[in-house]
Amino acid sequence: MSVRVRRVYEPPEPDDGVRVLVDRLWPRGLSKDAARVDEWPKALTPSTELRRWYHAGEESYEEFSGRYEAELAAPEAVELLDRVRELAGKGTVTLLTAAKSPEQSHASVLARLLDG
């Protein structure tokens, strides 16, 4: 199983495999052709409330991760997580995000859950 995290603004690479956008909103200034997104499971993204809370800048990544994992326990999210896990079982999956620091974002939480 191979799950990678990349910024959606980086050019697609041949070894990206299935490209999954894991942001709730479409990235600014990026055309759908340029993004080459294969899947966009919006229910896997943090809620608007959680995203705003985290981006207020006063909370820790660890606290955000815990709250986000709790959101991912919802039935619709579990189903989508299983779908992405199934894709990763067949080949590389690249989780795409517009976050400036993907390693401190929801995408890295998803990657950890999918690899685990």
Side-chain angles (χ1 to χ4, degrees):
M1 182 177 304
S2 176
V3 178
R4 304 174 359 157
V5 175
R6 296 186 63 214
R7 290 199 73 219
V8 70
Y9 296 109
E10 296 173 12
E13 294 180 355
D15 60 346
D16 280 348
V18 178
R19 293 172 53 89
V20 180
L21 180 63
V22 293
D23 289 346
R24 187 168 299 267
L25 304 173
W26 188 262
R28 288 184 189 179
L30 188 65
S31 73
K32 292 190 180 195
D33 286 341
R36 287 201 14 232
V37 169
D38 298 308
E39 306 255 342
W40 190 13
K42 293 180 189 177
L44 273 184
T45 64
S47 66
T48 300
E49 296 79 18
L50 180 59
R51 185 173 44 81
R52 286 181 180 157
W53 173 83
Y54 182 52
H55 291 298
E58 299 176 15
E59 305 305 332
S60 72
Y61 176 70
E62 290 74 25
E63 176 72 16
F64 166 76
S65 295
R67 290 183 180 204
Y68 180 41
E69 286 183 39
E71 287 187 354
L72 291 172
E76 185 179 7
V78 169
E79 186 177 314
L80 290 170
L81 207 53
D82 287 344
R83 162 85 178 128
V84 176
R85 192 174 283 119
E86 180 183 315
L87 291 170
K90 296 176 183 175
T92 302
V93 168
T94 300
L95 304 178
L96 302 169
T97 181
K100 291 179 182 171
S101 299
E103 62 282 349
Q104 293 286 304
S105 76
H106 64 288
S108 65
V109 175
L110 280 174
R112 181 172 37 81
L113 291 175
L114 290 166
D115 276 341

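Side-chain atoms are counted along with the backbone in the values below, which use heavy atoms only and exclude waters and symmetry mates. Numbers here simply count residues along the sequence, with the first being 1.
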Exercise: identify the closest heavy-atom pair between Leu81 and Leu114: O-CD2, 3.6 Å

Between the side chain of Arg6 and the main-chain N/O of Pro11, is any donor-acceptor distance below 3.5 Å? yes

Which word best sums up how the rings of Tyr68 and Phe64 line up, parallel for under 30°, tilted for 30 to 60°, or perpendicular for over 60°? parallel

Distance alone, cut at 3.5 Å: any donor-acceptor contact between the side chains of Ser105 and Tyr54? no

Under 6.0 Å from the CD atom of Glu76, do we count more than 12 heavy atoms belonging to anything else shown? no

Got a salt bridge between Arg4 and Asp15, using NZ or NE/NH1/NH2 to carboxylate O under 4.0 Å? yes

Any link between Leu80 and Val93 through a network of hydrophobic side chains (Ile, Leu, Val, Met, Phe, Trp, Tyr) touching at under 4.5 Å? yes

Side chain to side chain contact (heavy atoms under 4.5 Å, CB included), that's the test. Do Trp26 and Val37 meet it? Break it down for me. CA-CA 11 Å; Trp26 188 262; Val37 169; 4.0 Å; yes

Give, for atom CG of Leu21 and atom OG1 of Thr94, the distance between the pair rounded to the nearest 0.5 Å. 12.0 Å

Check Val8 against Arg19 and note the closest heavy-atom contact, atom names and distance. O-NH2, 4.4 Å

Specify the closest pair of heavy atoms between Val5 and Pro102, including all atoms of both residues, with the distance to one decimal. CG1-CB, 3.7 Å

Going by heavy atoms in the side chains, are Glu62 and Arg67 under 4.5 Å from each other? no

Reported CZ-to-OG1 distance for the pair Arg7 and Thr97, which is rounded to 0.5 angstrom: 8.0 Å

Taking side-chain contact (heavy atoms from CB on, under 4.5 Å) as the criterion, tell me which of Val22, Val109, Leu44 meets it with Leu95. Val22

Mark yes when over 12 heavy atoms from residues, nucleotides or ligands other than Glu79 sit less than 6.0 Å from its CD; otherwise mark no. no

For Pro41 and Val20, which heavy atoms make the closest approach, and how far apart are they? CD-CG1, 3.5 Å

Using modelled atom types and a 3.5 Å cut-off, is there a donor and acceptor pairing between side-chain atoms of Ser101 and backbone atoms of Gln104? no

Should the pair Lys32 and Trp40 be classed as cation-pi, given the thresholds of under 6.0 Å to the six-membered ring centre and 45° from the axis? no

Can Glu103 and Ser108 be counted as having a side-chain donor-acceptor contact under 3.5 angstrom? no

Say you draw a straight line from CG of Leu50 to NE2 of His55; how long is it, rounded to the nearest 0.5 Å? 8.5 Å

Ring pair (Phe, Tyr, Trp, His ring centres under 6.0 Å) contacts in which one or both residues fall within residues 74-96, not counting sequence neighbours: none

Pro12 to Arg36 - nearest heavy-atom pair and separation: CB-NH1, 3.2 Å

Between atom OG of Ser65 and atom NE2 of His106, what is the distance when rounded to the nearest 0.5 Å? 11.5 Å

Shortest non-hydrogen contact between Ser47 and Glu71, atoms and distance: OG-OE2, 2.6 Å

What distance separates Leu87 CG from Asp38 CG, expressed to the nearest 0.5 Å? 9.0 Å

As an exercise, state the distance from CG of Asp16 to CG of Leu96, rounded to the nearest 0.5 Å. 7.0 Å

